[in-house]
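A short worksheet on the structure shown next.
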Amino acid sequence: MASCLCGTAPCLLCGCCPSTKNSTITRLTFSFFLLLGTLVACIMIIPGVENGLKKIPLLCSSSTTFSGSLNCDVMVGHQAVYRMCFALAAFFFLFVILMICVRSSRDPRAIVQNGFWFFKFLILVGITVGAFYIPSGTFTIVWYYFGMVGGFLFILIQLILIVDLAHGWSQSWLQHAENGNSKCWYAALIICTFLLYAASITAIVFLYIYYTNSSECVLNKLFISLNLIFCVIISIISILPKVQDAQPHSGLLQASVITLYTIFVTWSAMANVPDKICNPTLLAIATNTTTASTSTTPAQWWDAPSIVGLAIYIICTLFISLRSSSNRQVNKLMLTEDSSGDTGGPIVESGGENRAYDNEEDSVSYSYSFFHFCLVLASLYIMMTLTNWYLPGYDGSYLTSPWSAVWVKISASWAGLLLYVWTLVAPLILRDRDFS
């Protein structure tokens with residue numbers, strides 16, 4: 001049991017999986033910590049949790065200090081999400097600093113990265129408990145803007161992963177088509193591309209219906225129209241003959257995936273427009289303080305874009321943990337190894353038991369620091385997603401949806417489109433570099 005808690009690989013994971021790379025097990029375990037913290041934040045933001053806590057004798061106090069019993073106002077709602085995600089971000093940032101310039105598993109710090117899980121969990125719990133003692137007020141406002149920057153960057157990381165997923169998807173199906181039964185595989189590519197574009201067009205129609213139904217909604221119309229035009233442009237660029245010659249596996253399938261993701265980010269931005277006329281989905285949230293609304297109707301804490309964003313966040317977090325890309329450009333951006341050159345390493349078995357083997361004796365298969373930095377950004381992104389990107393008031397008695405949240409999301413969608421266009425045209429511009 002001690003080897004499970006302190007060793008170089010968690011045996012609970014190894015026992016239920018085939019012999020696995022140590023690097024994969026490590027990334028999965030850190031991601032589990034992140035998803036566990038996310039689950040706690042989701043539970044604490046559910047309406048009614050505070051009332052349940054207050055029913056426990058001697059647990060809660062109404063004071064703003066923590067002398068005696070707990071202040072349940074910061075144990076639930078947006079306050080709890082901010083503190084839980086602060087603890088996650090601080091925990092992973094600690095490893096960002098600690099793991100700088102680790103080159104192989106022979107570095108003593110690699111032992112800390114790949115083992116001592118019980119103590120890591122205790123550290124995370126300790127930081128979390130300490131985070132709930134941080135006074136409200138300035139903390140929530142300052143941390144909101146940290147979350148806005150982190151959310152912007154994580155949207156770009158999501159787009160990089162989605163571009164890589166689309167490239168891998170297309171390349172795999174085209175290779176199957178070349179190996180045999182080409183009609184079926186090409187038909188599947190066409191059908192998937194058609195369905196993705198159909199979903200994007202349907203979403204755009206609904207955006208125009210729900211978010212531009214007044215002459216005052218000029219910015220909404222501008223944002224939706226611009227992103228529609230940009231998506232048409234990237235689709236045309238993806239099938240230009242010169243682009244096809246440089247990248248034979250690029251095409252409309254990837255462009256359709258990027259288009260749908262861009263429309264999702266646009267929808268998420270429209271849901272933050274602070275005008276009820278131009279945003280009928282704007283939530284009316286009353287926080288759990290003495291100055292909150294006395295309405296007996298429970299406040300809705302989520303909206304549809306947040307639910308979709310939560311699902312994409314989980315998928316991308318697992319994607320970061322499980323997969324290294326076969327695309328050199330993506331590997332350079334994400335600081336991971338080329339999976340196409342992976343020979344799999346030795347499979348170590350002892351007494352028939354599945355084991356994790358060290359595949360990083362010569363060099364690490366991913367940047368430890370950058371991986372943790374991605375988890376820091378993921379912590380900030382999920383904080384903003386669970387709180388709908390709403391800005392809390394200084395005393396926590398009200399929430400507002402600022403225009404800055406709209407501009408951050410729209411800017412992220414534009415930056416993501418530019419990034420995708422660069423992956424298409426870079427081989428044409430930088431002819432002396434190898435983009436194969």
Do [X] and [Y] come within less than 4.5 Å of each other through their side chains, counting heavy atoms only?
X      : Y      : value
Gln158 : Tyr381 : yes
Leu418 : Trp422 : no
Gln79  : Phe132 : no
Cys316 : Ile312 : yes
Val232 : Ser235 : no
Leu226 : Trp414 : yes
Cys278 : Tyr211 : no
Leu124 : Thr128 : yes

Answer yes or no: is there a donor N or O on one side and an acceptor on the other, between the side chain of [X] and the main chain of [Y], under 3.5 Å?
X      : Y      : value
Ser369 : Met99  : yes
Asn279 : Ala271 : yes
Asn272 : Asn388 : yes
Lys409 : Thr266 : no
Ser379 : Leu375 : yes

Determine whether the side chains of [X] and [Y] contain a donor N or O and an acceptor N or O closer than 3.5 Å.
X      : Y      : result
Tyr420 : Gln254 : no
Asn227 : Thr262 : no
Tyr145 : Ser404 : no
Arg109 : Gln113 : no

Self-check item: Over all atoms of both residues, closest heavy-atom pair of Tyr313 and Ala378
Solution: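 Looks like CE1-O, 3.6 Å.
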Quiz item: So, for Ile263 and Cys231, which heavy atoms are closest and what is the spacing to 0.1 Å?
Solution: CD1-SG, 4.5 Å
Please tell me whether [X] and [Y] form a close aromatic pair, meaning their ring centres lie under 6.0 Å apart.
X      : Y      : answer
Phe32  : Trp117 : no
Tyr144 : Tyr390 : no
Trp407 : Phe223 : yes

Quiz item: Can you list the residues that meet the disulfide bond (SG atoms under 2.5 Å apart) rule with Cys192, with sequence neighbours excluded?
Solution: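 Per chain and number, Cys192 pairs via disulfide bond (SG atoms under 2.5 Å apart) with no residue.
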Would you find more than 12 non-hydrogen atoms of other residues, nucleotides or ligands less than 6.0 Å from [X] atom [atom1]?
X      : atom1 : value
Phe146 : CZ    : no
Phe93  : CZ    : no
Phe152 : CZ    : yes
Phe121 : CZ    : no
Phe33  : CZ    : yes

Quiz item: What orientation do Phe95 and Phe91 show, parallel under 30°, tilted 30 to 60°, or perpendicular over 60°?
Solution: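 Ring orientation, 0 to 90° scale: perpendicular.
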